[in-house]
Enquirer: 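I have a structure I would like to understand better, so I am pasting it below and will then ask my questions one at a time.
Nothing fancy with the numbering, it's 1 onward along the sequence. For the numbers below, each heavy atom of this structure counts, side chains included, while hydrogens, waters and symmetry mates do not.
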Amino acid sequence: MQNLFSLHSFKKRLLALSIVVAFLFCALFVRLFVVQIINGKDLQLRATSQWTRDLAIVAPRGDIFDATGSRLATSYTTYNIYVRGREVEDAQEVSKYLSNILELNYLKVYEKVIKKNVSEVLIKMQVEADIAELIYNKNFKGVYMAETVGRYYTYGNLLSQVLGFVSIDNAGQSGIEAQFDTFLTGKDGYSFTQSDLQGKEIGGSLRYYVPATKGADLTLTVDSKIQLILEQTLEKIMLEQEAKNATGLVLNAKTAEVLAISTKPSFDLNDIPRDDLAALFDQSKMKAITDVYEPGSTFKILTLAAALEEGVTHEDDRFYCGGSRVVDGVKIKCWRSIGHGSQNLQEGLANSCNCVFMDLALRLGKDKFYSYLEKFGLGQKTGISLAGEVGGILMNKSIVKNVDLARIGFGHAVAVTPLQLLTAVSAIVNNGNLTTPTIIENITDCFGNTLVSQNHEVKRQVISPETSKKVCELLSKATNKQGEYTFVEGYDVGGKTGTAQKYDDTGHIAQGKYISSFIGTFPAANPEYLVMIMVDEPGAGAYYGSVVAAPYGKEVFSGIFNYKGIKKQNETAVIEKVTMPDLVGKTLTDAAVELKKLGLYFETDGEGGTVLRQLPPAGTTVAKGDTIILIT
């Protein structure tokens, strides 16, 4: 009986032991499953970080090209210099050498070199290759370098506001570099080396290299040659007209592609003035899309197109200008206080008569006129793929009175951006088709795959092709006052000038401050190019667009013709030259008669009857058809 009890007890113990062993095996299996399957990757990464040291390989940003394939911005190899304090043998020698060659403070470098409680410490970023090579040749233990990239802009200050710039760690900070940073930024790679517990590299150990992937390339619609022509002209304006700033635009009239865009002053993208952040911010702004202004007479192109389309006027329509109109009991002056007398529509456009365009706006009426302004895109962003664009200012229709409507007709009481106005004009001269302006042609990744491509779709048709043709014809006659092909000798260039007063922060007119502008079309009958010049606060004496802006528009067109090899449309066209007479002291009537005999036009500044000053001065050679300023 006792033996039977003992056997039974032994079986119990054996069963208990089996259960315990089975439990332990299950627990071990579960633990192994957790470690190897669930937490395996994380633990592997943690282990790798303990027995390896890694340095990032910064990916090159994508290149930026112009429409002709010229590289505007690119990345080049530079080096980040690191020190691993545990490996340094002579901290003073290393610190002295690095501080000298890298132009750094010795004590700050020394403090980094002697740090042994960190795996590595950064000494300096983006060291040029020739300097990095000298450091490498010293063969200091504990001094390492990792490839990184710097940004280089081929043409320096060309397109500075458009391209923008990057930070020292290659993050886009302004312009296209910031707007398309996601596309331009590549994927970083890594370089791994095995190390011991103290972080020292193990000699003869394995090295691992994961290459970086370059960012996507971006192609602009901008032609760098036309851009150069425009920017050189704007620099000339700044010098000769002593302007606060000057803005220029060149558009493809058919597609609304931006061929050139700039504001001066600007800065060199390879030498960014980071010590004056206020100036840097101001000069980084693309004022063609960020700043609004009262356009003045260039806006009359829109009023003209709407009036012709609605049939409220025609080419032989006659108007009388006595120097002003009274609307809602308010006297609104024409720019020429003595008036233009009787004139037809074409003469009214050529004379830029405010009274004519007040009449046209009032004939259209508030509802019709506003429907066209909205179709032209006023008060709205154009939709160009650039950051910072504003939509301009268009009065709420519900509060507009006839006096406001009359002022809008000649480009006052409305605010636009240069691009917004030129986009509307592009619709008018392109068979009435409004197209969203573009500056990005395409974006392709490093494997050649297209990520973004523009299609230049027409938004809507604002006016008929017949009205468009008529406006083009009138713009040609307005510019070529001495006959066909006389604005730019041998070429049919259409256009319109504008002059507008500026307002101060309180909303009142800023005395003596003006914006002078010019919009030109070529070829006038069926435009392919649109040029806009805007001069903010000219300070050399004159401020009328015909004198301050139009001559520089001529220069841009001439530059484009030479670059593109565009032959003259009329080889026999010759612009006659005359010498300016001395008109100072004469009555305005006598001066007008003398100028008419010479084939010259004039604009007056002042309401007196005697000429006190003339621009240009007596003895200056000018072309027939030029506009002279008489200060009375």
Side-chain angles (χ1 to χ4, degrees), residues 225-241 243 246-251 253 259-260 262 264 297-298 301 349-350 352 418 422 425 429 472 475-499 516-525 527-535 538 540 542-571 573-578 580 599-603 615-616 620-629:
K225 300 293 191 304
I226 297 178
Q227 181 73 26
L228 182 60
I229 292 166
L230 178 66
E231 293 204 22
Q232 288 176 336
T233 303
L234 296 180
E235 292 281 10
K236 190 175 180 181
I237 291 173
M238 294 297 294
L239 179 65
E240 294 179 348
Q241 298 300 330
T247 296
L249 271 165
V250 182
L251 286 191
L259 303 179
S262 181
K264 296 295 179 182
S297 294
T298 50
I301 301 172
L349 179 65
S352 197
L422 200 58
V425 173
V429 301
C472 289
L475 289 176
S476 176
K477 291 178 180 178
T479 301
N480 297 292
K481 295 180 181 179
Q482 287 300 109
E484 292 183 325
Y485 317 111
T486 58
F487 181 70
V488 179
E489 189 176 81
Y491 297 91
D492 187 14
V493 176
K496 186 75 190 74
T497 60
T499 310
S516 309
S517 58
F518 166 78
I519 291 177
T521 65
F522 176 84
E528 294 180 15
Y529 295 98
L530 292 178
V531 171
M532 182 176 190
I533 299 293
M534 192 183 80
V535 185
Y543 58 83
Y544 282 102
S546 55
V547 177
V548 173
Y552 299 100
K554 288 184 186 181
E555 291 192 20
V556 173
F557 274 121
S558 296
I560 293 173
F561 300 153
N562 289 333
Y563 161 52
K564 290 291 187 179
I566 300 174
K567 294 182 179 180
K568 289 184 177 182
Q569 294 163 286
N570 188 331
E571 295 288 346
V574 177
I575 299 177
E576 295 183 50
K577 304 288 184 180
V578 295
M580 272 295 298
L600 298 173
Y601 293 81
F602 72 94
E603 295 179 358
L615 294 171
T620 304
T621 300
V622 295
K624 278 192 174 183
D626 279 357
T627 300
I628 309 305
I629 302 300

Enquirer: If every non-hydrogen atom of A524 is compared with every non-hydrogen atom of S476, which pair is closest and at what distance?
Expert: CB-CB, 3.6 Å
Enquirer: Under the salt bridge (charged side-chain N to carboxylate O under 4.0 Å, His left out) rule, collect the residues that match up with E240, sequence neighbours excluded.
Expert: none
Enquirer: Find out whether I560 and F522 are in side-chain contact, i.e. whether some heavy atom of one side chain is under 4.5 Å from a heavy atom of the other.
Expert: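 With C-beta onward as the side chain, the pair stays apart.
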Enquirer: Judged by atom type as modelled, is there a donor-acceptor pair below 3.5 Å linking the side chain of T497 to the main-chain atoms of G545?
Expert: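 Flag not set: sc T497 to bb G545 has no pair under 3.5 Å.
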Enquirer: Of all heavy-atom pairs between P538 and S516, which one has the smallest distance, and what is that distance?
Expert: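 Residues P538 and S516, closest heavy atoms: CG-OG, 3.8 Å.
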Enquirer: For the CG atom of L349 and the NZ atom of K496, what is their distance to the nearest 0.5 Å?
Expert: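 Rounded to the nearest 0.5 Å, the CG-NZ separation comes out at 6.0 Å.
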Enquirer: To the nearest 0.5 Å, tell me how far T233 OG1 sits from K264 NZ.
Expert: 11.0 Å
Enquirer: Applying the side-chain contact (heavy atoms from CB on, under 4.5 Å) test to Y491, which of F561, F557, Y485 qualifies?
Expert: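 Output: one option passes, namely F561.
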Enquirer: Between OH of Y552 and CD1 of I237, what distance do you get to the nearest 0.5 Å?
Expert: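 Y552 atom OH to I237 atom CD1 measures 6.0 Å (nearest 0.5 Å).
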Enquirer: Calculate, to the nearest 0.5 Å, the distance between atoms CG and CD belonging to L259 and E528 respectively.
Expert: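 L259 CG to E528 CD: 10.5 Å, rounded to 0.5 Å.
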Enquirer: Do V488 and S558 have side chains that approach each other closer than 4.5 Å (heavy atoms only, starting at C-beta)?
Expert: yes
Enquirer: What is the minimum heavy-atom distance between P418 and M532, and which atoms define it?
Expert: O-SD, 3.5 Å
Enquirer: Does a side-chain heavy-atom distance below 4.5 Å link L422 with V531?
Expert: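 No, too far: nothing below the 4.5 Å cut-off.
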Enquirer: F518: which residues meet the ring pair (Phe, Tyr, Trp, His ring centres under 6.0 Å) condition with it, sequence neighbours left out?
Expert: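 Only F487 meet the ring pair (Phe, Tyr, Trp, His ring centres under 6.0 Å) criterion with F518.
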Enquirer: For the side chain of N480 and the backbone of G494, is there at least one donor-acceptor N/O pair under 3.5 Å apart?
Expert: no
Enquirer: Return the minimal non-hydrogen interatomic distance between L234 and G248, and the atom names on each side.
Expert: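 Smallest interatomic distance, heavy atoms only, reads CD1-N, 3.7 Å.
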Enquirer: I need the single residue from V493, D492, T479, V429 that forms a side-chain contact (heavy atoms from CB on, under 4.5 Å) with T521. Which is it?
Expert: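 Testing T521 for a side-chain contact (heavy atoms from CB on, under 4.5 Å) against V493, D492, T479, V429 leaves exactly one candidate, V429.
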Enquirer: Can you name the closest pair of heavy atoms from P527 and C472 and give their distance?
Expert: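 Looking at all heavy atoms of both residues, the closest pair is CD-SG, 3.8 Å.
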Enquirer: Do you know which two heavy atoms are closest between L230 and L249, and how far apart they sit?
Expert: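 So the two residues come closest at CD2-N, 4.0 Å.
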Enquirer: If you measure from OH on Y529 to CD1 on I226, what distance do you get to the nearest 0.5 Å?
Expert: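 Rounded to the nearest 0.5 Å, the OH-CD1 separation comes out at 5.0 Å.
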Enquirer: Quick one: pull up CD in E489 and NZ in K568 and give me the separation to the nearest 0.5 Å.
Expert: 4.0 Å
